[in-house]
Each structure stands twice: as structure tokens, then as C-alpha cells.
Amino acid sequence: MVCANGSSFEDYKQKLQNAIYQYLLKHPDIREPVKQEKEPLDFVQKAQTNWERRIFKSLNNMCNDLGIALSRKRPVSEQKELEAKWTELGTEDMDLSRFRPVYSPRDFLEVLMSVRNPNLSQVSIGVDHCLQPSKLSCMFPVLESYQAPLAREYSKQGCPQNLRAEMWALILGVETTDASRLQFEHLKASVFLHDLIVDKLIFKDINLTASNDDQYFVFEDLLYQILLVFSRDTAVLDHFEYSSANPPKAHLRGGRNNEDTLVIYPPNGVIPFHGFSMFVCPLCYIYEDPVTLYMVFRELYTLYFYLLHTVSSHPQGILSLCLLFETLLHELDPHLTYHMASKEIQPLKVVIKWLMRAFSGYLSADQILLLWDRILAYNSLEILAGVGARMDKIISF
Amino acid sequence: MAETVKYCCDLDISVVSANFEKRGWSPVGSDEDWNVYWASVLTIRNIFNPENGYKLRERQIINHFPTYQELTRKDYIVKNINRYREELDKQGSPLAEKDNMGKYIHLDFIPLTFALPNDYNAFAEVFKKNPTSTWIMKPCGKSQGIGIFLINKLSQLKKWSGPLQNSAQNPITATYVVSRYIDNPLLIGGKKFDLRLYILVLSFKPLKVYLYKLGFCRFCQLKYTCNMSDLANMFVHLTNVSIQRQGDEYNSVHGGKWTIQNLRLYLEGTQGKEVADKLFSDIKSLIIHSLKATAPVMIRDKHCFECYGYDIIISDDLKPWLIEVNASPSLLTTTDNDRVLKHELVDDIFKVMCPGNTVPNVETDRTPDENNIGNFELIADELESIDSEQCSKNSVHGGKWTIQNLRLYLEGTQGKEVADKLFSDIKSLIIHSLKATAPVMIRDKHCFECYGYDIIITDD
Ligand SMILES: Nc1ncnc2c1ncn2[C@@H]1O[C@H](COP(=O)(O)OP(=O)(O)O)[C@@H](O)[C@H]1O
Ligand SMILES: [Mg+2]
């Protein structure tokens, strides 16, 4: 490597180390000689496949009922119009009354409940009830050293709001370069080119959630941009390498029943559920630039959030989290568990929507950010189950 | 048992009467022996009209100052602030420091404003020097965005002010102010917003004022543009809830309101802590200056307290601008959050005014316990003695400037860290000087002593 001067060589070295560190986080099994099955447990794999079929079917049904294609090329005039309106999509006049979210946390819970004998280990973590950011002074050296593992360690205390943007970017290895800006522009262009039914679902979801939320409504227009671009991003597909889920596939026009004409739909392989936009909302409090915001969101999704709506035996997967939640709840509050059981109330029915959205929309924005600090710091979603188990505290919100 | 507070309320504001009932106070008529009166401004005028010979007793407090309009009428406040600046300037106060463009550095917190028709000529002159600027016309005595419009040509004003010229046959009562339009507001999500903050003034002289921590931002529902073609679209330019409610995009769940806490979180996250801290400390000093500017013309009356609603716009360089002050900020509630906030506001006002839920007495100073004032925060509490000393020298300052003002000035000009450091250095200087003499001091438990320290600060 040829460098202009010595100090930038150190920089490169650190960057390289960070990159390796981040790669290892995503591919924990890289050192295993034999590549593991995507999903080691048969019955879980089956449930996942059934679930995928079901949501895709209901998407198709919606298309048929409404007489709309999954995808259509926009006429040039419409492309231009959309481009002009890009930063104020909230004013787009669109009749969404006939669109429904493809699935809600409740639907998903049904599936989770039907998965039997998951045979999972129980993990116990200490829950930090009082989320408080740590002192500023110890954070600056971390940012200066530019070491991802160090940043992660310090985030365990919770990041101060003014350094969070940098800390998260460092932990996640996100750097906004000219290349990433170009990529963002390409994705935007593909939004203009085609009209996908998923676009309507995104609009509908934002209308149903963020637009009415007194913490997030001001970011409405930014959310449209991020989620539309996300739906076109095939880089998101990479996470299917280590996820037990499979991307939905649709036939190209005219190519029925022919394997060759199968394409992944939507291009990023993610069909949003009711409340999906809430994954993006809290980030609007730390990133103003849509490109950086987008990159951080994509990283968070492909590292963590996908697990919250995928049926898998992953120790961080939603199944494990539900189980962990029930165990913790029982330990922390046997009375409440008993009380609920006697009234045939299922705590999970209340908690599932919190877990699936990583609590976004159910706690104040500053609390969400502190909670997500811990997800990044511990590289684990388990804290969600822990916070869920303190539901008696949260319910009073 | 403690005596029950008797209240009178001649406005039908449910938030207020509900709070009095919750406190177990008993309602009485306005001609009876009330302790707390939540009165309309009309009642205030009557009560304080010298012709009526009404005298308030020591156990009575009322929710307006008789001369509140000095602060809240759009033309009076401008007049008062102009005079305040000139006086500070005359005194050679460092607060009146100007930059090389001739602009006040610390006192430039209100958009340039002229009263019409009186100042028409002065306005026309300034306008001609800045032919591309936009101005906002506002009737002095109205509120809720009524009668407001934007202009960018003098001719628009001539047309409107046509009848003014013929005032002999056609006397006009409506006077307007015209202000420089802040055309570079800070936008969030592409939209313009203003802040609504509440303050509670217990006294103007000496100044004692609390700031309410739970203000909110009021957002416009349409994207902001300063295109000429949109100048007439009030859903883009005016943040009044009463205006925004009429728009198609109005959302009744959040009502376009965003909490100040969320604004702060957002600014800290995207712009850094220093920027956010500076903005909020600038806002505090803006409030204090506006009150000091009106203090000389305010009638002092111990029976009065007042909750004002401040409208503030932040420009994109993160500078706060005072737009107007309201004496009877709306206590109507539009959303669930609004209801909670306004109930708490009224409750907290009476935590301050009637600590311990007891009958008020204006003759005894009963400063409420700092921990029991809800969401209020004391932002100015001048000492009577210093103040009267300043007055007795016939408004000549005698070359004395309060430490509070020094601190305000240093925080404003050098930043909070610098000011904090200076004052902590001073403390440690005092402590060291005492420790240094301690070994040779005779110990005697019966003695105490008050020392005066003279300290000079060098330019570093
Ligand atoms: N100088 C100005 N620059 C930008 N916007 C302004 C200015 N003056 C007023 N506005 C906008 O108009 C609204 C109404 O003005 P205001 O002076 O508060 O009158 P009102 O008493 O009718 O509420 C403000 O809330 C603000 O949104
Ligand atoms: Mg106003």
C-alpha cells in the first residue's frame, strides 16, 4: 500500500482492522471448516418457509383484488413528476384506502406460537432499567482513536446524544463516501423508473404510524425517501446468506411456471410489516443527511432488525427473544405471570409489537436511542426481551 | 386546618377551573373576597382603572399586570426594546456593543420593525435600500394570525394604505407593524416552525421570572419556500395553530406540535451539544432582555403575576428571534398532549404562586421550594437592594454592573465553558487566600466576619 504520509498509513491500518472486525461480526461462523446449514432445525425451517409463502400469497392476493401489477414501469412524465417531488412526498395525493399492511405483529405472533419445541438455551442478562448516557469526557478519545471495538465497549454505558452519530457510524463501519452517494442516486433513479406495489405499502405504513406520531411526524418526508430507496437496494439481499429466511420471488411478466423467469421481489427481498417504518424513525434524530442515515439504517437492518421478523432458531431471533422474555418475566414477576395466566392473558400478545419494532414508537426517542446503544454495544438483541419483561414499568407510558 | 383559598374566574377556561377545583379551592363572585382571580384583560382594565377606586388587599393576587400591553402589543414592545438599547448604549454598557456593520451584537433579537402609519417614511427608506427583501404586515391589536400578510413591493403597501392618506375624511383606527420577514428560518423536515414558550413573571422590578421547560414547536403543514408565488399561502408562512387547523394536511393527532425536548434531542444529535446549549441559553437571555426592556414602563404591583406565551423563530444560523409575546396564551387544548401540558402548566403556576396550596400573601416573601415548582425553572431573580441602589442614583448606574450581568455577557460572548471556568477560578482563589491565612488566624468560635474581595480579571 502506498500512502502519502505515515499518519495516513496508520489510518488505513485502523480502517482495515475495523473492516475485518465488522466482517467477523456478520459472519461469526467463518472459522468453521464446514459451512453450516442455513437453519439447523427442520421444524423451524418449515415454519419459516410456510410463513414466507403466506405473506407472499397475501401480497399477490392484494394485487389481484386491486387489479394492480406487482411492478410497472412508470411513464416518463410520471418519473419526472416523482423526481421533482422527491423531498416532499408527503404531499403526494394517493388513494391508499384500499391498501392494507401485508401483516401485523399479531399475525406474526400466530406463526411464532405454532412453532413447537424450539429447544433453545436460556440466556439471562442484567437489565439496565435506568437508561442514562455516560460522561462525555471518556468518549472523545474513543472517537479520535477510531477503533470500532473500543467504540462498542464505550457504548455499553450509553452514548451521549451529540456523539452518537459518530459512535454508531464507527461501530457499524459506515462511512459516507462519494461512492455511497452515487449508489444512493442510482437507487433513487430505480425508484423513479418503476412503480412497485411495495411503494404503496411503504406510504401506507408511514401514514399509519410515523405521520401520526408526535415524536416523528416532522420527519415524514425523509422516511419516504429512505424506505423507497431501501426497497430497491439489492445489497440488502446479502443478509440472506446468514439469515434462515429466503427472499420472496415473483415471475417476470409472461413467464409463468418457468424457473428462469423468477426474480426476487421486491428487489431488496423485504416485504414490510405494519410498523416497519419505526426502524428508521429514531435515526432521524441523529442523522440529517439522507445518505448517511440510509447507510446506517441498512447496516442496522442487515445486522439486527431482520431477526425480529424472521422465523429462525438464531439465539438472537424473535423466537428466542420471545422465549427469553417469558422466562425473564416469570423470574422477575411471578405474580404478574400468574395473574395473567389465570385471566388467560398472554403477555406476548402485548409485547410482540414492541419486540418486532425494537420498541420504537413505544418509548420516547431518547430512550430508544439509549436502548439501541446497548444493542450495538453488546451486539445483541437480548436486551429487548429484558426491557419487555419490565412491562409493568413501561405499560404506564 | 389551613384556610381554603377562594378563587374567582371570569373566563370559561376548563383547564383553569378544573385545577382550582382539584386544589379544593372554593369559587366566589368577583365582588366577593377572593384570593386568586383568573381574570380577562377587560376585568384587569376595570380593576386598575383609578376612577373605579378599587384597592387590592394583601391576600389577593391576580393574573395580569395592568400595563401588560407594554410587552404584548406588537408596536409597544418594539418601542420599549429600542429605548432599552439606546439607554444601554448611552451608558456605555458592553451589552450594547455593535459589530462593524453597526448592528447590536447581543441585543439584535427582534426583527427590524416599524409602526404604521407613523413610521411609514422611515420604513420606505429602509425598504428602498433593500428592494429584494420580504416584509410581514401585522395588525397591532390582533392575534391568531388574523390580518397578517407578506409584502415584497412598496406598492403593495401603498395600495393597502390608500385610505391612510385620506385619514381626514376616513379616520382609521387599525395600526399595523411591518417587520422584516425572517426568510431563512431553520427548517426541520423541510418545514417552518416556531417555538411557543411559557414564562411566569412574578415581578418586573426587581425581575423575577420562571421559564417553563415544556414548550413546543408549532409546525407548518406545507414545505417552506420563499418563492414569490407562495407569499400568500399562509399554510407555508404562519405557524399559528388557528391558521394551520384550517389546512387540508392538518393532523389532529399531533396537531403539528413537537416538544422542545425533542427539538433539543434532534439538535444535539445532528448539530452537537455546544450548538444546542448556545441556542437555549440565547433564548433565555432574549427573554430576560425583553422583560428588562419593558420593566421601566411597567407599573409595579405586588398583587400581579402573569404567564406570557413567547413566540420565537429560529433562523437557519441557529439564532433565536422574538416574534411576539402573548398575555393570554391560548389554554384551549387541541390534542391529548396539549391537554396534559396545559393542565400541568396551570398546576405548576399555582405551585409557584401559592406554595403549599395556601392563601397567598403579597406582603410576605414566600419563595417556593425549588423542588416543588413543577416544570418551572427560575431564570432571573434580581436582588431588590442592588436594584434600588441603581434607581436612587437617578437611573445613573454609578459605574456598577451586577455579577449576573457580567456572567450573562461572558456566557454570551465567550461561551459557557469560559464563564464557568472564570467563576470557579474565583472560588478557588478565595478558598486559597483563606487557607493561606488560616494558620495565623486565632481560632475563636464566637467570631464571624464578612469580607469584601476586590478582584481584577486580566484579558486572558
Ligand atoms: N418577522 C417574521 N418572520 C417570519 N415569520 C413571522 C414573522 N412575524 C410573524 N411570523 C409568523 O407569523 C405568525 C404570526 O405572527 P405573530 O406576530 O405571532 O402574530 P399573531 O398575534 O397573529 O399570532 C408567527 O407565529 C410566525 O409564524
Ligand atoms: Mg403569535
Side-chain angles (χ1 to χ4, degrees), chain A residues 84-93 133 135-137 139-140 143 159-169 206-225 281-290 292-293 296 364-370 372-373, chain B residues 186-194 214 216-225 230 233 235-236 239 244 247-279 316 318 334-341 417:
Chain A
K85 273 199 175 169
W86 181 244
T87 58
E88 46 187 324
L89 292 171
T91 56
E92 185 85 334
D93 257 337
K135 293 269 174 315
L136 269 179
S137 49
M139 294 285 180
F140 283 116
L143 286 173
C159 294
Q161 166 73 352
N162 53 327
L163 300 181
R164 188 171 274 127
E166 280 180 79
M167 292 291 269
W168 286 17
I206 293 172
N207 282 350
L208 287 175
T209 58
S211 306
N212 290 319
D213 189 307
D214 57 26
Q215 299 191 78
Y216 300 123
F217 73 93
V218 301
F219 304 119
E220 183 183 343
D221 288 329
L222 192 53
L223 296 174
Y224 293 123
Q225 298 172 33
C281 287
L283 301 177
C284 299
Y285 275 96
I286 38 180
Y287 298 104
E288 232 179 333
D289 167 37
T292 315
L293 169 52
V296 169
S364 64
D366 57 330
Q367 293 280 302
I368 291 295
L369 293 169
L370 286 165
W372 291 8
D373 280 340
Chain B
L186 175 68
L187 305 180
I188 295 181
K191 288 168 187 150
K192 173 176 170 175
F193 65 95
D194 75 350
L214 309 182
F216 49 87
C217 309
R218 303 180 295 187
F219 275 79
C220 286
Q221 54 194 283
L222 298 183
K223 283 258 156 175
Y224 182 76
T225 72
D230 288 321
N233 190 341
F235 301 130
V236 175
T239 50
Q244 294 295 329
D248 296 337
E249 305 282 328
Y250 180 76
N251 178 311
S252 57
V253 181
H254 52 69
K257 289 183 179 172
W258 205 43
T259 65
I260 294 282
Q261 282 86 338
N262 281 334
L263 173 68
R264 189 171 195 132
L265 187 70
Y266 172 78
L267 289 176
E268 280 189 7
T270 56
Q271 318 255 351
K273 189 154 163 27
E274 288 74 23
V275 174
D277 284 349
K278 172 142 188 345
L279 173 69
D316 58 10
L318 287 158
T334 48
T335 64
D336 287 349
N337 284 343
D338 224 32
R339 197 160 304 134
V340 173
L341 181 138
E417 289 74 24

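Just so we're on the same page: letters track the sequence lines, and every chain starts at 1. Heavy-atom basis, side chains included; hydrogens, waters and symmetry copies ignored.
Here the CD-CD distance, from Q215(A) to Q261(B), works out to 10.5 Å after rounding to the nearest 0.5 Å. In this structure, E88(A) CD and L222(B) CG are separated by 8.5 Å, a value rounded to the nearest 0.5 Å. Atom NE2 of H254(B) is separated from atom OH of Y216(A) by 13.5 Å, given to the nearest 0.5 angstrom.
Looking at K273(B), its side chain never comes within 3.5 Å of a backbone N or O of L163(A) through a donor-acceptor pair. Side-chain atoms of E268(B) never come within 3.5 Å of backbone atoms of N162(A) as a donor-acceptor pair (strictly under, hydrogens ignored). Side chain of N251(B) to backbone of S211(A): a donor-acceptor contact under 3.5 angstrom is found.
The contact between D366(A) and chain B is made by backbone and side chain atoms together, counting heavy-atom distances below 4.5 Å. With a threshold of 4.5 angstrom between heavy atoms, A165(A) approaches chain B through side-chain atoms but not through N, CA, C or O. Looking at Q271(B), the atoms closer than 4.5 Å to chain A (heavy atoms on both sides) all sit in the side chain, from C-beta outward. For chain A, the nearby parts of N262(B) are the backbone and the side chain; heavy atoms of each come within less than 4.5 Å. Contact annotation for D213(A): only backbone heavy atoms (N, CA, C, O) come within less than 4.5 Å of a heavy atom of chain B.
Note on residues 247-262 of chain B: pairs passing salt bridge (charged side-chain N to carboxylate O under 4.0 Å, His left out), not counting sequence neighbours, are K257(B)-D338(B).
Screening F219(B), Y266(B), F193(B) against V218(A) for a side-chain contact (heavy atoms from CB on, under 4.5 Å) leaves a single residue, F219(B).
Partners of W258(B) according to the side-chain hydrogen bond (donor to acceptor under 3.5 Å, both in side chains) rule, which considers only residues two or more places apart in sequence or in another chain, are Y285(A).
Ranked by heavy-atom pairs under 4.5 Å with chain B, the list D214(A), T87(A), D221(A) is led by D214(A). For the set I188(B), T270(B), L267(B), V275(B), the count of heavy-atom pairs under 4.5 angstrom toward chain A peaks at T270(B).
Residues I286(A) and L265(B) fail the side-chain proximity criterion, which asks for heavy atoms closer than 4.5 Å.
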